[in-house]
Each structure stands twice: as structure tokens, then as C-alpha cells.
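To start, the structure itself, in C-alpha cells.
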Amino acid sequence: QKVALAVLDHLEQLALVDFRDAEGIERLQKAIQFADHLHEVNTDGVEPMDSVLEDRCLYLREDDVTEGNCTKDLLKNAREKVEEYFVAPPGNIPLPKLEERETVLQGS
Amino acid sequence: VSAALKEGQVTPTELCQRCLSLIKSTKFLNAYVTVAEETALKQAEESEKRYRRGQPLGVLDGIPIAVKDNFNTAGIETTCASNMLKGYISPYNATVVQKLLDQGAVLLGKTNLDEFAMGSGSTDGVFGPVRNPWSYSRQYKEKSVPKSHSEDKDSHWVVTGGSSGGSAAAVSSFTCFAALGSDTGGSTRNPAAHCGVVGLKPTYGLISRHGLIPLVNSMDVPGILTRCVDDAAVVLGSLAGHDPKDSTTIQDNFKPFELPSLIDVSKLSIGIPKEYHAPGLSSEILSLWSKAADLFKNAGAKVIEVSLPHTRYSIVCYHVLCSAEVASNMARFDGLQYGHRSDVNKSTESMYAATRREGFNDVVRGRILSGNYFLLKQNYENYFIKAQKVRRLIANDFVKVFRSGVDILLTPTTLSDAVPYTEFIKEDNRTRSTEDDILTQAANMAGLPAINVPTALSERGLPVGLQFIGRSFQEKQLLTVAKWFEKQVKFPMIQLEEVKKHDHGVFQHQKSASLL
């Protein structure tokens, strides 16, 4: 059962990562096939497990400022910045539609 | 060697310099991504001053260590062997790194790994594969390399296992006395087994993950690689304990412990899980496993077969949970605040997409995409939630066995000894991980502590290890049993030419090869 083109496209947009080539798509197919083995297990009445520490309370510390003032250090690693701002290209511009993009999905 | 430092038989700077020059002459192993020569020597000098004053900070003062390159180290490049973080200089130290430095340890450098710790061979990082030091040992050459090829070092070398291969190789080749790795599916124990060193995966929640670049938040733990079990106990002692910066660390008080020298295993119950006789397990390892069980029996321990029925689903379960968490954890890499940033400037989204396209390798991209698939609304219940339910079943298997009176489980760590690189790359990363993680993964699923103890050399002259899995937070018992076993098997020391050349007694002597 192959994954629909629309879903593949949707995944590329959600993940902001591309399949690159037919192999990438094959990889996903195989991953899904493999994951389907999970359905062999009977999990009726079983609660999902988020964490092995579920019986304990997470540590919450006091809401006091204990560190900070490291703006310079943090900005050092950013490539584009202006004063104390990280600079991004314009937002609210959606990625081009499938038909307009150069992607391996075109050929699928 | 710690005693040697205290008595002045060797100084921290001498020790540091010897390790640094050994790193240089074992460069072909490709174990290190970054060697922090200047800072290491400075740290060694500081340590020397303390020893001269008679005030060392502790056993670890002056001890050269290495850290896997997915731990943040202030001022030192942290790459995770990925293009995404090339050039990224951490602004802070991971808690575990800080703790080691606070004890006076000397940080020699960052070790190589699979990109973002995804893999079981340490072959998929951008800096190339790590070579197993045993490939160059006399033991391997005698058994496996045909005479006519003895000049050609290059074609027969074997992998280290992964993903903490660099750390394992560094410890195995004597370039450091202890190294940090990470363990999510077996990434510390697997290379430990292949490189003949001790690899400890502590209980989830015991050691802080603050500063460890996350792969799977609910399973990652920092791992400890050393040449003997006592050393692992020492390092554990300095790292374990609650960290307010990592709220997944438990708040119980942790008391560092020393392992007894006289150990009596006769009151123990050792469980042998039958499902760990997995398909593909080499007959050599099977027989070693059986001999080990006999060792315990003969010492008076109760050795019984147990069952962990959901073992065979742990890999599938891991596959889904891991890719789902990876999809989430890798979302932070967008080029905006750190790391690689693409030149594409049309829009935020296209910059993000291009950055991630350029920065991640196939393995990482593949997991992000499958993870996103499993997390789609239409798939969430069927895959992600389902996997979480299976996880509970796997964890419960262990609970049942430990409740029935078993103290420790004894299993193989890997299916076979290390394979040659040329063989290893014939299968893709996911297939390899699926095969290689089968014996180690379930312990991560259940959050239990586990340790690889080097046991014997295979017919090809390569290390084979066995694994002990213990109850949550019972590291003392786990390590005590491991130490007893280590004493019984007397695993041979690697015979490396490079080490011999650099050594004037400090490394070769059995006692000084370790910390204590």
C-alpha cells in the first residue's frame, strides 16, 4: 500500500525536509512496513507509556531567575543578526506548491 | 594511575602530553573530531599545581578524558558529526562535562560518532567512520589478516560499533582513561563490546542530560566508557545525582560508592532471558554466554531461565518512538540561532527547508520524515500511541521478572564480533541498527541500567562482551556483579604497536591502565 502523493508532499512541508530522491521515498515505505509489525501485538487495556519515571513527580524549581545575561554568547552562534535580534527572511510566505517546486515528488 | 599521580610518579602534564601524542599517532583511527590541546594542557597544569600543594580535587584530578561530540562543551566546537552544527561553538558545558571538569579531569577532546548519534557503526558521521583499534592489534592480525596483506592496513579494518564509537576507540587505544558516550538504543554498550571496553548505561533519570543534544528524550542517557568496572563506578560517582537543570533527573539522594574487592555471588539470582537467543546470534557468543552462566552456577548463584516475551517487538517500538521524537527534536535546527544557515533568503520557510536540506544526512532526514508520518493525525493512534502501549508491555516484562526474585539478567551484548567496514556498509543504516540494537534496546525502553563487560576474544581475535541488566537505580549491585565477572574472565589487554611505542610503563602496566 503506497503512501499517497498528497501525504508525501504534506510530510515534506511539515518536516521542512525533502525526500531528495526515489530512495528517500522507498525508505519511508520500508519504515512504515516495518512499523506495521506493531499491530501484531495485542495492547487491549494497556495504557500508553510516556516515561519510565511516570510514578514520580517532575522536579519543579522556584520561579526565580538564576542565570542569564549571556546575550553576547548566544548571539555569537547566529549568522545573521542585527543588534540583539536574530534576523530571518520574510515570513508568512508559504512554500511553493508541489507543481511549482522542483522536487522528486513531481515524477511520482 | 590516580595513585601514581598522587605519589608523583607521573605528573598531570606528562600524562596529558603522552595522551595527546598518542592521539596524534593513532589519528588513523579517526576517533577524535576535535582535540582541545591547548585547553587540555592548561587544565593539566592547574591539576599539577593542586597535586604539588597536596590538594587534588579527587580521584579524577588530572585524569585525561574524552567526550562524545554530542555533548555541549563551552568554547569547544560541538558538531554531532553533522554539517548542521559544523562550526558551532557551545556557549556552555553540559552538566556531566562540568561535573568532570569540576573534579579536575582533563578534557582531551570530542570524539567521533554517527551523525546525531543515529547508527550502530560510527560510520555515518560527516567526519568519516571510526576504526576499531583492535583492527590493528596483534591479536586480530594474527588471526584474521592473511600474510600477504599484512602491509595493507586499509582493507581489513573493522568497525567500532556505534554510535559512541569514537569514545570506545579512544578508551580502547589508551588515549584517555574514561570517555563519555550516550546510550539511546545501545549506543554505549554496542561499541564497548566491539572495542573490548566496559560500557555502562545508567538508569534513566540518574545522570543529567542537560547539554546532551537530545535524540529521544524519554530514552537518552549519558553513557560511561572505561577500561575496567571500578573506573566506571568512579566516574558514575562523580556524575550521578539530581540536576535542577534537568527535571527528568530523580530527586533521590545519590551516594557514590566503592565496589567491594571480595564479592560473593552465591546469594544472587541470575536470569537468562531466553528471547535473547536471537536469530543471528553467533555460536561463539552463544557458547560464551553459556559458559558465563556456568561460572555463576559454579560460584553458587541461582541461575534460571526467564522470559521477556515482548523482546522481539522492542526494535519496532523503538523505530516508531525514536523517529517520532527525532522529528520533534530536530525541529530546532533551522539555521536561525545557531548552526548551519543556508544562503536561500526568499522566505523563512524556504530558508529553513534549504538549511535542513543542506545540513542533515540521509539517515537523519529519513527519520525525521518517518517520524512526522507516524505523528500525522491519521496515524497518531495507530503508530505513536500503539508504540507507547507496546513500550509499557516491554517495561512490564522486566518488572515481572525482577519481581519474581531475579536480581540481574545476563545476556549477550551483540550478535557477533565487529565486522569489517567493507561488510558493514553493504547494508543501510536502518537495517544495521535494526539488527545490531536487538540485544541492547529493551533496556533503554524500560529505563534500566545495563553494562557491557568485555569477556573474551573471538576466533578472529576481536573482543566479545556480555551484558548485565539490573534493577532501576541498583547500579551498585549491577557493578558489583560486573566486577566479579570481570575478575573471572580476565579479558586480555589489546596489543597495539602504537601504544607500546609511546609507553614507558604508564599505560602497559595493568594497574595504571585504569584510574584506581
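Naming convention: chains lettered A, B, ... in sequence-line order (proteins, then strands); numbering from 1 in each chain. Heavy-atom basis, side chains included; hydrogens, waters and symmetry copies ignored.
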More than 12 heavy atoms of other residues, nucleotides or ligands under 6.0 Å from [atom1] of [X]: is that the case?
X: A:Glu40; atom1: CD; result: yes
X: A:Gln29; atom1: CD; result: yes
X: B:His242; atom1: NE2; result: yes

What residue among B:Arg341, B:His340, B:Gln337 forms side-chain contact (heavy atoms from CB on, under 4.5 Å) with A:Arg79?
-> B:Arg341
Are A:Asp44 and B:Lys389 within salt-bridge range, i.e. N to O under 4.0 Å?
-> no
Quick one: are [X] and [Y] in side-chain contact, heavy atoms under 4.5 Å?
X: B:Asp334; Y: A:Leu16; value: no
X: A:Leu74; Y: B:Pro91; value: yes
X: A:Met49; Y: B:Leu393; value: no

Could you tell me which portion of [X] (side chain, backbone, both or neither) has an atom closer than 4.5 angstrom to a non-hydrogen atom of chain A?
X: B:Thr203; result: neither
X: B:Met219; result: neither
X: B:Tyr318; result: neither
X: B:Val316; result: both
X: B:Ala327; result: neither
X: B:Gln251; result: side chain
X: B:Tyr92; result: neither

Is [X] in contact with chain B via its backbone, its side chain, both, or neither, using a 4.5 Å heavy-atom distance?
X: A:Val7; result: side chain
X: A:Leu75; result: neither
X: A:Leu11; result: both
X: A:Lys30; result: both
X: A:Cys70; result: neither

Among [options], which residue has the highest count of heavy-atom pairs closer than 4.5 Å to chain B?
options: A:Arg56, A:Arg20, A:Glu67, A:His37; answer: A:Arg20
options: A:Glu12, A:Glu54, A:Gln13; answer: A:Glu54
options: A:Leu28, A:Val41, A:Leu60; answer: A:Val41
options: A:Asn92, A:Val3, A:Asp73, A:Asp36; answer: A:Asp36

Contact winner vs chain A - [options], heavy-atom pairs under 4.5 Å:
options: B:Tyr338, B:Tyr313, B:Tyr352; answer: B:Tyr313
options: B:His310, B:Lys346, B:Lys386; answer: B:Lys386
options: B:Tyr88, B:Phe374, B:Tyr383; answer: B:Tyr383
options: B:Asp343, B:Asp428, B:Asn396; answer: B:Asp343

To check you understand the geometry: which heavy-atom pair defines the closest contact between [X] and [Y], and what is its length?
X: B:Gly87; Y: A:Asn77; answer: O-OD1, 4.5 Å
X: A:Pro90; Y: B:Asn345; answer: CD-O, 4.1 Å
X: B:Leu336; Y: A:Ala78; answer: O-CB, 3.7 Å
X: B:Glu349; Y: A:Ile93; answer: CG-O, 4.0 Å
X: A:Ala15; Y: B:Asn372; answer: CB-OD1, 3.4 Å
X: B:Val320; Y: A:Ala35; answer: CG2-CB, 3.6 Å

For [Y], is there any backbone N or O sitting under 3.5 Å from a side-chain donor or acceptor partner on [X]?
X: A:His39; Y: B:Asn382; value: yes
X: B:Thr348; Y: A:Ala88; value: no
X: A:Arg61; Y: B:Pro244; value: no
X: B:Arg392; Y: A:Pro48; value: yes

Between [atom1] of [X] and [atom2] of [Y], what distance do you get to the nearest 0.5 Å?
X: B:Ser218; Y: A:Asp50; atom1: OG; atom2: CG; value: 8.5 Å
X: A:Lys76; Y: B:Ser90; atom1: NZ; atom2: OG; value: 11.5 Å
X: B:Tyr204; Y: A:Leu53; atom1: OH; atom2: CG; value: 6.0 Å
X: B:Ile250; Y: A:Leu58; atom1: CD1; atom2: CG; value: 12.5 Å
X: A:Thr43; Y: B:Gln388; atom1: OG1; atom2: CD; value: 11.5 Å
X: A:Phe34; Y: B:His319; atom1: CZ; atom2: NE2; value: 6.5 Å

Would you please say whether a donor-acceptor pair under 3.5 Å links the side chains of A:Tyr59 and B:Asp246?
-> no
Residues of residues 353-369 of chain B under 4.5 Å from chain A (heavy atom pairs)?
-> B:Ala353, B:Arg356, B:Arg357, B:Phe360, B:Asp362, B:Arg365, B:Gly366, B:Ile368, B:Leu369
Between A:Leu14 and B:Leu376, is a side-chain contact (heavy atoms from CB on, under 4.5 Å) present by the stated rule, with each step listed?
-> CA-CA 10 Å; A:Leu14 275 179; B:Leu376 288 175; 3.5 Å; yes
